[in-house]
Protein chains: 2
Amino acid sequence: MSVMQPAERRRLQSRADARRAILDATEALLVEDGYEAFSMRRLADRCGYTAPTIYHHFGDKQHLIDALLDERCQGLVRTLRRVHQSEDLVENLRAFSGAFVRFGLRNPTHYALLSQPRDPGLPVPPAAEEARVLMEAPLHGLAAAGRLTADQEMVGQSLWAFLHGFILLRTTRTDVEWRKDGLDVGIDAFLTGFVREEASR
Amino acid sequence: MSVMQPAERRRLQSRADARRAILDATEALLVEDGYEAFSMRRLADRCGYTAPTIYHHFGDKQHLIDALLDERCQGLVRTLRRVHQSEDLVENLRAFSGAFVRFGLRNPTHYALLSQPRDPGLPVPPAAEEARVLMEAPLHGLAAAGRLTADQEMVGQSLWAFLHGFILLRTTRTDVEWRKDGLDVGIDAFLTGFVREEASR
DNA sequence: TCCGTCTACCTAACGCCGTTAAAGAAACCG
DNA sequence: CGGTTTCTTTAACGGCGTTAGGTAGACGGA
């Protein structure tokens with residue numbers, strides 16, 4: 001592997017700067033006005049480049065959005081890693097669920113975009129998949145300890161469905177008065193149904 | 001209230017026929033190619049009218065889609081009414097959940113459209129709201145019998161979140177291998193957490 | 001029967017969208 | 001210096017949701 005020349009480095013830096021500026025403007029537009037109001041032309045106006053330049057750097061709208069979502073999910077992954085992993089696996093599961101839901105509620109536009117059906121060709125943003133894998137760790141521990149009343153995959157899919165619906169309903173149905181302690185109560189009921197105190201066999 | 005004249009009736013009939021033809025074509029296009037590929041112009045080609053005529057009858061795209069969704073939800077309402085209402089409230093809840101989820105899985109495009117954030121001005125299609133109210137009946141019965149471990153609203157919101165996430169995940173994340181008995185197992189766990197056998201006080 | 005009114009429907013167009021073709025400008029490399 | 005590659009632009013294509021404006025025909029009262 002050869003040493004990078006100063007010129008090459010400068011070129012890569014300027015490319016990185018352009019991508020950074022475009023991504024930042026994308027983020028700002030999405031947070032301010034939501035995805036519905038987002039367009040490549042408005043983004044071009046906002047970030048100072050013209051639309052074809054954005055295409056030069058990101059390919060198309062989908063890849064641009066995916067790049068942004070991947071970055072955001074890296075934030076979630078960092079949060080999940082930071083969440084205290086106690087010896088109490090149940091407490092662990094609760095903490096992860098809380099972090100995940102908080103991510104969704106604080107980034108409703110991003111979460112909605114992540115939830116939309118994807119072209120089967122394109123893979124889910126890597127960091128999103130990484131977050132999903134991380135979330136499974138406490139379940140794996142509980143399964144290994146024989147404390148689940150169903151197999152790990154089953155419990156994981158059920159928990160995922162609950163958390164997913166929880167986030168989407170609260171972010172899309174703003175006409176409903178949602179209970180503030182809904183997550184804790186729901187998770188408790190969920191744990192009552194799927195986790196027992198001690199190993200059975 | 002005056003008697004309707006034949007001419008007036010004929011006029012209303014022809015208006016109803018036009019609406020019917022447009023709605024049928026909308027339904028067909030949505031089922032065949034999904035909402036992404038749907039457009040007023042393609043609909044115009046399909047149903048034989050031009051686009052402005054569709055606007056004449058339905059106002060705009062949103063109202064057209066809403067009219068279709070309302071019709072579909074009336075089907076769900078009929079199904080829910082038909083579901084056997086036994087004396088076993090838990091069995092009842094299970095049956096309703098099953099019917100609701102089946103509706104979502106069989107009409108993924110419609111369900112996704114129902115789930116999208118709405119302009120705060122427009123109301124949810126009436127039949128959708130009616131279905132939601134119907135779904136709460138078994139919960140109300142259980143609450144009245146003192147068999148819920150949390151108040152009815154809380155339990156209802158949790159169950160709604162689970163069912164909603166269940167449907168959306170399975171229809172949008174087709175890359176995942178979902179467990180076939182996921183609904184039954186999830187509902188069982190849910191009931192274990194939220195419903196007790198007999199009244200406590 | 002005639003005439004104003006109203007409904008249904010059309011053609012043409014506006015301003016937006018995502019995207020691409022083509023070309024100039026600038027930096028890099030030999 | 002000359003050739004190549006990268007970045008950026010202007011101009012355009014086809015499609016979108018929607019609206020303005022006009023026409024043909026049915027309706028209802030004189």
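Chain letters run A, B, ... following the sequence lines, proteins first and then strands; every chain starts at 1.
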Inspect the contact between B/R20 and B/E71 and indicate whether a charged nitrogen and a carboxylate oxygen are less than 4.0 angstrom apart. yes
Please state whether the rings of B/F100 and B/Y111 are parallel, tilted or perpendicular, taking 30° and 60° as the class boundaries. perpendicular
Nearest-nucleotide pick for B/T53, side chain only, options being D/dT9, C/dG18, C/dC10: C/dC10
Check the distance between C/dC16's C1' and A/D45's CG and give it to me in whole angstrom. 13 Å
In whole angstrom, what separates B/D60's CG from D/dC16's P? 17 Å
When you measure from the side chain of B/N107 to the backbone of B/F103, do you find a donor-acceptor pair of N or O atoms at a distance under 3.5 Å? yes
Does B/H56 have a side-chain nitrogen or oxygen under 4.0 Å from the phosphate oxygens OP1 or OP2 of C/dC9? no
Just to be sure I understand the rule, does B/S39 reach a base, reach only the sugar-phosphate, or reach nothing, if contact means heavy atoms closer than 4.0 Å? sugar-phosphate
Mind calculating the distance between CD1 (A/I22) and P (D/dC7) to the nearest angstrom? 11 Å
In this structure, how many angstroms lie between the P atom of C/dA8 and the CG atom of B/D17, rounded? 12 Å
Can you measure B/Y55 atom OH to C/dA13 atom P for me and round it to whole angstrom units? 19 Å
Would you say B/R15 reaches C/dT7's phosphate, i.e. side-chain N/O to OP1/OP2 under 4.0 Å? no
Please work out whether the ring planes of B/Y35 and B/F38 are parallel, tilted or perpendicular, with thresholds of 30° and 60°. parallel
Let's see if you can work this out: which of C/dT19, D/dT10, C/dC9 has an atom nearest to the side-chain heavy atoms of A/R41? C/dT19
Could you state the atom-to-atom distance from CE of A/M40 to C1' of D/dG15 in whole Å? 17 Å
Let me know, please, whether B/P52 or A/H57 comes out on the 5' side of the other along DNA chain D by nearest nucleotide. A/H57
